[in-house]
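Since we're looking at a predicted model, the values are computed, not measured.
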Amino acid sequence: MPVSGNDLYAAAGVDTRAGDTAVELMKRAVQATHGPEVLGGVGGFAGLFDASRLTSFTKPILATSTDGVGTKVAIAQAIDKHDTIGQDLVAMVVDDIIVVGAEPLFMTDYIACGRVVPERIASIVEGIAKACAETGTALTGGETAEHPGLLGPDDYDVAGAAVGVVEADRMLGPERVQHGDVVISIASSGLHSNGYSLVRRIIADQGLAFTDTSAELGGVVGEVLLEPTRLYTGPLVRLLAEPALDGAVHAFSHVTGGGIAANLARVLPQGAWIELDRGAWSPNDIFVVLSGFAGTDLESTEGTWNLGIGMFAVVDAQRASAVVEWLEAAGLPSWVAGTISTEARDFDGFEQGAKGVDGGAVRLVGSYAG
């Protein structure tokens, strides 16, 4: 009897039937993110989104972002827990879009793995779909690819891309930032999805396995380190639509790779500067413990970890207290970090711009609160 094409492919390490099973397992979660704008359901060659709503815009500007989760996936693989990585992915992608004031429309994902384990893939995608639903983002499509020989049987990586829209005259950014604007810090949930190569090295140097229980970390090491990234987009979209605070927000900054100062500097205009007082907040315990394990101080990790700040909002000074109050009510712990100045000064010791952006200047001063 001749061998079927599928059986030959399976013998080479690619199981298309397992891929089909994974799609069936994830289908309901994906469909839960679909509103009437999504056409064609699940499984098409292309995700379809009805863009006729854009006709209500005077000048719609599309915003797009793409990202992954980095080496945080290695911890998920080590303890075989995959239901939170999807939220990390959505946060890393969609929370970049809200920075310019754009409301997310739709997202697609990509999972590369050494072997398709349907339940594992479904768990990852269910996490993506849940986070998409929380942020008002339709999950319109995705791809799972087996790469035997390139990735180990239990290895995988995830990536995604999203598109959002903002009215041209409501875009946020450096051009709106003015002298005297107040910078508000919005708390992170922990490490989010940056600096995990350093985290993994610190844990290894301590002789800890991700399945070990650590009294200092307060639980199973891997589970503590998999605390999912906080989702900001849903509340921040509502903040921008709040009539009483219309125009109050001038810029957002998502604190991801590069740390605190560099990411804030990206959304400030050239010549603008701010000194952030470390004493205004206490970094999450996870940062204190990890820096202690490494035998270093928190200040030396400011370019790697968010140290408790996941997002900044640059706002009109007269309404800063109202914005903080609104954010707190929305479940986002927030505090005033400082005030923007455009007065001429020496920028020695300041972080100036980042990632190709000729932005403003930011410096952290003082000592962290205990």
- Message: Under the ring pair (Phe, Tyr, Trp, His ring centres under 6.0 Å) definition, can you give me all pairs with a residue in residues 79-137, not counting sequence neighbours?
- Response: Phe49-Phe106, His82-Tyr156

- Backbone N/O of Ile111 and side chain of Thr144: donor-acceptor pair under 3.5 Å: no

- Message: Using the side chain to side chain contact (heavy atoms under 4.5 Å, CB included) definition, which of the options Val336, Val182, Leu245, Asp316 pairs with Val323?
- Response: Leu245

- Message: Distance check, rounded to the nearest 0.5 Å: Ile75 atom CD1 versus Ile85 atom CD1?
- Response: 8.0 Å

- Residue of the set Val224, Ile202, Asn284, Leu217 for which side chain to side chain contact (heavy atoms under 4.5 Å, CB included) holds with Val289: Leu217

- Going hydrophobic residue to hydrophobic residue with side-chain gaps under 4.5 angstrom, can you get from Met92 over to Leu198? no

- Item | Single hit among Ile98, Val94, Val90 for side chain to side chain contact (heavy atoms under 4.5 Å, CB included) with Pro104 | Val94

- Between the CD atom in Gln87 and the SG atom in Cys132, the distance rounded to the nearest 0.5 Å is 10.5 Å

- Go through Thr233 and Thr137 one step at a time and tell me if the side-chain contact (heavy atoms from CB on, under 4.5 Å) criterion holds. CA-CA 10 Å; Thr233 293; Thr137 311; 5.6 Å; no

- Task: Determine yes or no for a side-chain-to-main-chain donor-acceptor pair under 3.5 angstrom, with Thr64 supplying the side chain and Ala162 the backbone.
- Result: yes

- Taking the side chain as every heavy atom from C-beta outward, state whether Glu343 and His179 have any pair of such atoms under 4.5 Å apart. yes

- Nonpolar side-chain network containing Phe350, other nodes, edges under 4.5 Å: Trp273, Phe347

- Message: According to side-chain contact (heavy atoms from CB on, under 4.5 Å), who are the partners of Gln206, at least two apart in sequence or on a separate chain?
- Response: Leu208, Phe293

- Item | Pair Arg319 + Glu242, salt bridge at N-O below 4.0 Å | no

- Task: Give the minimum heavy-atom separation between Pro228 and Ser189, together with the two atoms involved.
- Result: O-OG, 2.8 Å

- Message: Are Val99 and Leu172 packed together at the side-chain level, in the sense that at least one heavy-atom pair is separated by less than 4.5 angstrom?
- Response: no

- Which pair of non-hydrogen atoms, one from Val177 and one from Ala251, has the smallest distance, and what is that distance? CG2-CB, 3.9 Å

- Item | Residues, nucleotides or ligands: over 12 heavy atoms within 6.0 Å of Arg201 CZ | no

- Nearest heavy-atom approach of Gly101 to Leu240 is CA-CD1, 3.8 Å

- Side chains of Leu226 and Lys72: closer than 4.5 Å at any heavy-atom pair? yes

- Donor-acceptor pair, Ser253 side chain versus Asn263 backbone, under 3.5 Å? yes

- Taken to the nearest 0.5 Å, the spacing of Ile260 CD1 from Leu364 CG works out to 5.5 Å

- Message: Arg120 vs Asp154, test: salt bridge (Lys or Arg N to Asp or Glu O under 4.0 Å). Steps then yes/no.
- Response: CA-CA 10 Å; Arg120 180 190 299 155; Asp154 293 319; 2.9 Å; yes

- Task: Count the heavy atoms of every other residue, nucleotide or ligand shown that sit under 6.0 Å from CG of Asp348, and state whether that count exceeds 12.
- Result: no

- Message: Please check this pair: side chain of Arg176 against backbone of Met171, looking for a donor-acceptor N/O pair closer than 3.5 Å.
- Response: yes

- Considering only NZ, NE, NH1 and NH2 on the basic side and carboxylate oxygens on the acidic side, decide whether Lys130 and Asp83 come within less than 4.0 Å. no

- Message: Are Val163 and Val166 connected into the same hydrophobic cluster when the rule is that any two of I, L, V, M, F, W, Y join if their side-chain heavy atoms are below 4.5 Å apart?
- Response: no

- Message: A side-chain contact here means heavy atoms from C-beta on lying under 4.5 Å apart; do Arg363 and Glu351 qualify?
- Response: no

- Query: Are Leu290 and Trp281 grouped together when hydrophobic residues (ILVMFWY) are joined by side-chain heavy atoms under 4.5 angstrom apart?
  - Reply: yes

- Stepwise side-chain contact (heavy atoms from CB on, under 4.5 Å) test for His147 and Cys113: CA-CA 6 Å; His147 292 163; Cys113 58; over 6 Å; no

- Quick check: are there more than 12 heavy atoms from other residues, nucleotides or ligands sitting under 6.0 Å from CD of Glu325? no

- Message: Taking the side chain as everything from C-beta on, heavy atoms only, tell me whether Leu89 gets closer than 4.5 Å to Met107.
- Response: yes

- Query: What heavy-atom pair brings Ile274 and Gly338 nearest, and what distance separates the two atoms?
  - Reply: CD1-C, 3.6 Å

- Query: Side chains of Thr256 and Asn306: does their closest heavy-atom pair fall under 4.5 Å?
  - Reply: no

- May I ask you to check whether Thr229 and Asp88 show a side-chain donor-acceptor distance below 3.5 Å? yes

- Taking atom CG of Asp212 as the centre, does the number of heavy atoms from other residues, nucleotides or ligands within less than 6.0 Å exceed 12? yes

- Any Leu139 side-chain heavy atom under 4.5 Å of Val125 side chain: yes

- Note on the structure: Between the CD atom in Gln77 and the CG atom in Asp157, the distance rounded to the nearest 0.5 Å is 8.0 Å

- Linked, directly or transitively: Leu225 and Val69 (ILVMFWY side chains, under 4.5 Å): yes

- Between the main-chain N or O of Ala187 and the side-chain N or O of Arg230, is there a donor-acceptor pair closer than 3.5 Å? yes

- Query: When you look at Phe252 and Asp95, which way does the side-chain contact (heavy atoms from CB on, under 4.5 Å) test go after all the steps?
  - Reply: CA-CA 10 Å; Phe252 288 128; Asp95 285 344; over 6 Å; no

- Task: Starting from the C-alpha separation in whole Å, work towards a yes-or-no answer on side-chain contact (heavy atoms from CB on, under 4.5 Å) for Ile79 and Glu223.
- Result: CA-CA 8 Å; Ile79 67 170; Glu223 291 180 0; 3.9 Å; yes

- Looking at side-chain heavy atoms only, is the closest gap between Glu227 and Leu191 below 4.5 Å? no

- With no hydrogens and no angle check, is any side-chain donor or acceptor of Asp246 less than 3.5 Å from a backbone partner on Pro243? no

- Test item: Thr66 side-chain N/O and Gly160 main-chain N/O as donor-acceptor pair under 3.5 Å: yes

- Should the ring pair His254 and Tyr232 be called parallel, tilted or perpendicular, given that the plane angle runs from 0 to 90° and is split at 30 and 60? perpendicular

- Query: So how far is it from Lys59 NZ to Asp169 CG, rounded to the nearest 0.5 Å?
  - Reply: 9.5 Å

- Indicate, with yes or no, if Leu298 and Val255 share a hydrophobic cluster defined by side-chain heavy-atom contacts under 4.5 Å among Ile, Leu, Val, Met, Phe, Trp and Tyr. yes

- Item | Considering all heavy atoms, the nearest Ala330-Pro235 contact | CB-CB, 4.3 Å

- Note on the structure: Output for pair (Ile184 CD1, Trp326 CH2), nearest 0.5 Å, gives 12.0 Å

- Message: Looking at every non-hydrogen atom in both residues, tell me the closest pair between Phe210 and Val220 and how far apart they are.
- Response: O-CG1, 3.4 Å

- Query: Checking Ser334 side chain against Leu332 main chain: does a donor-acceptor pair fall under 3.5 Å?
  - Reply: yes

